A.B. asks: 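Dropping the structure in here first, questions after.
The model shown is predicted, which means the values in this text are computed figures rather than measured ones. The sequence lines fix the lettering, A, B, ..., with proteins before strands; numbering per chain opens at 1.
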2 protein chains.
Amino acid sequence: MPDLDDLDLRILDLVQEDAEMPGEAIAGRVGLSASAVQRRLSRLKRDGVIEKVVALVEPRSIGRTVTVLVEVEIDNERRSALEAFQRWVVEAPEVQSCWYVTGDADYALLVSTRDLDSYNSFIERLMTEQPVVRKYKSLIALKTIKRGLKVATNPD
Amino acid sequence: MPDLDDLDLRILDLVQEDAEMPGEAIAGRVGLSASAVQRRLSRLKRDGVIEKVVALVEPRSIGRTVTVLVEVEIDNERRSALEAFQRWVVEAPEVQSCWYVTGDADYALLVSTRDLDSYNSFIERLMTEQPVVRKYKSLIALKTIKRGLKVATNPD
DNA sequence: AGTGAAAAGTATAACCA
DNA sequence: TGGTTATACTTTTCACT
């Protein structure tokens with residue numbers, strides 16, 4: 001991942017908001033030709049700066065009403081099972097994101113399920129299949145204020 | 001947002017993983033013609049099922065090394081300032097996502113910054129500009145296990 | 001609603017500055 | 001590296017089932 005110049009950053013800023021914008025529209029805004037923009041986009045994808053381009057789906061519209069932030073505490077005497085836990089998380093379709101964190105918890109999971117019943121099923125599966133999880137705490141999202149993974153490109 | 005059939009769900013499953021897949025490729029997988037797929041995609045966007053299509057950028061590659069889950073506690077005697085707080089959050093480029101949650105905290109924020117220094121600046125701005133925030137707790141992500149906002153389309 | 005074919009719009013690649 | 005042109009591909013529109 002080599003050095004990105006200011007033009008790359010401005011392009012990234014735009015496509016993180018709308019990846020369907022035609023190269024020519026981007027070109028107009030950043031002051032380049034369409035093909036220069038496309039060349040840069042190809043390079044950004046090849047180098048892994050742009051991981052992928054995805055559609056963001058509104059969860060309610062496909063019947064997923066429940067979003068939960070789950071804080072998970074690990075049994076330190078079973079640390080050897082951590083890799084299996086992480087693989088489980090990566091495979092679980094309910095888990096949107098997961099971080100290993102400092103602080104009170106060990107892992108934080110962002111989970112999306114149909115309803116509270118299926119959230120409960122998810123937690124039961126987690127606790128029975130992954131005994132390395134000692135405790136968990138649920139922060140149930142009552143309202144989504146902002147949803148995205150956009151990374152700021154500004155210098156601050 | 002009217003009823004989605006099984007074909008819609010299968011299309012959504014694919015474009016949440018890779019929105020650049022040509023209509024014809026999707027068509028082959030779900031058993032439709034390319035134009036039928038395109039018509040469904042247009043409808044899904046028009047109806048807001050697909051909110052938008054965005055590029056996912058790898059934070060490190062643009063110099064953002066710090067990801068933090070911030071739990072925020074609200075001063076209940078200043079509830080009137082909540083709307084201003086939410087607007088602030090929506091505007092703040094460091095905040096990727098934010099939920100109003102049950103449990104110990106009131107809000108949970110997903111924050112991305114250049115380094116710990118700029119995270120500190122962010123927190124100071126938050127605390128001085130939004131006195132409605134009484135307390136906060138930082139869960140610093142030491143490792144990202146899984147990153148995305150994909151919503152499962154399966155029945156579970 | 002779906003299919004297939006023509007038309008319009010984009011992206012890709014080759015070439016030159 | 002950027003711009004321009006030509007080619008290939010994709011999406012959009014339309015006539016028809």
A.B. asks: Going by the ring pair (Phe, Tyr, Trp, His ring centres under 6.0 Å) test, which pairs reach into residues 60-94 of chain A, not counting sequence neighbours?
C.D. replies: A:F85-A:Y107, A:W88-A:F122

A.B. asks: On DNA chain D, reading 5' to 3', which nucleotide is the first and which the last to sit with an atom under 4.0 Å from a heavy atom of chain A, could you check?
C.D. replies: D:dT1 to D:dT4

A.B. asks: For B:R40, check side chain to side chain donor-acceptor pair (under 3.5 Å) against everything at least two apart and list the hits.
C.D. replies: B:D5, B:D8

A.B. asks: Whole Å only: how far is the CG atom of B:L41 from the P atom of C:dG2?
C.D. replies: 12 Å

A.B. asks: In plain terms, say whether A:E58 and A:R147 are close enough for a salt bridge, that is, a side-chain N and a carboxylate O under 4.0 Å apart.
C.D. replies: no

A.B. asks: Report the residues that fulfil side-chain contact (heavy atoms from CB on, under 4.5 Å) with B:T102, sequence neighbours left out, ordered by chain and then residue number.
C.D. replies: A:I140, A:L142

A.B. asks: Is there a path from A:L139 to A:V133 through hydrophobic residues (I, L, V, M, F, W, Y) whose side chains come within less than 4.5 Å of each other?
C.D. replies: no

A.B. asks: A:R79: what forms a side chain to side chain donor-acceptor pair (under 3.5 Å) with it, not counting sequence neighbours?
C.D. replies: A:N76

A.B. asks: Check DNA chain C against residues 17-32 of chain A and give the residues with a non-hydrogen atom under 4.0 Å, in numerical order.
C.D. replies: A:P22, A:G23

A.B. asks: Which angle, to the nearest 10 degrees, lies between the helix axes at the two ends of the helix from C:dA1-D:dT17 to C:dA17-D:dT1, each defined by five pairs?
C.D. replies: 20°

A.B. asks: Using a 6.0 Å cut-off, check whether atom CD of A:E24 has over 12 heavy atoms from anything other than its own residue.
C.D. replies: no

A.B. asks: Output side-chain donor-acceptor pairs under 3.5 Å for residues 31-38 of chain A, partner residues at least two apart or in another chain, one line each.
C.D. replies:
unit_1 : atom_1 : unit_2 : atom_2 : d
A:S33  : OG     : A:A36  : N      : 3.3

A.B. asks: Can you check side chain to side chain donor-acceptor pair (under 3.5 Å) on A:Y100 and B:T144, steps first, answer last?
C.D. replies: CA-CA 6 Å; A:Y100 177 58; B:T144 299; over 6 Å; no

A.B. asks: Between C1' on C:dA1 and CG on B:D6, what's the gap in Å once rounded to a whole number?
C.D. replies: 16 Å

A.B. asks: If we ignore hydrogens and angles and just use 3.5 Å, is the side chain of B:K135 paired with the main-chain N or O of B:E73 as donor and acceptor?
C.D. replies: no

A.B. asks: Does a sphere of radius 6.0 Å around CZ in B:R29 hold more than 12 heavy atoms from other residues, nucleotides or ligands, not counting ones at 6.0 Å or beyond?
C.D. replies: no

A.B. asks: Mind checking what makes side chain to side chain donor-acceptor pair (under 3.5 Å) contact with B:R39, not counting sequence neighbours?
C.D. replies: none

A.B. asks: What is the per-nucleotide protein-contact pattern of nucleotides 12-17 of chain C, from the 5' end, where B denotes a base atom under 4.0 Å from a protein heavy atom, S denotes such proximity for sugar-phosphate atoms only, and - denotes neither?
C.D. replies: BB----

A.B. asks: For B:T153, does its backbone N or O pair with a side-chain atom of B:D13 as donor and acceptor, under 3.5 Å?
C.D. replies: no

A.B. asks: Contacts to DNA chain D from residues 7-16 of chain A, heavy-atom cutoff under 4.0 Å, which residues?
C.D. replies: none

A.B. asks: Answer yes or no: are there more than 12 heavy-atom neighbours, outside A:K143 itself, under 6.0 Å from its atom NZ?
C.D. replies: no

A.B. asks: Go through the structure and list residues passing salt bridge (charged side-chain N to carboxylate O under 4.0 Å, His left out) with A:R78, not counting sequence neighbours.
C.D. replies: A:D75

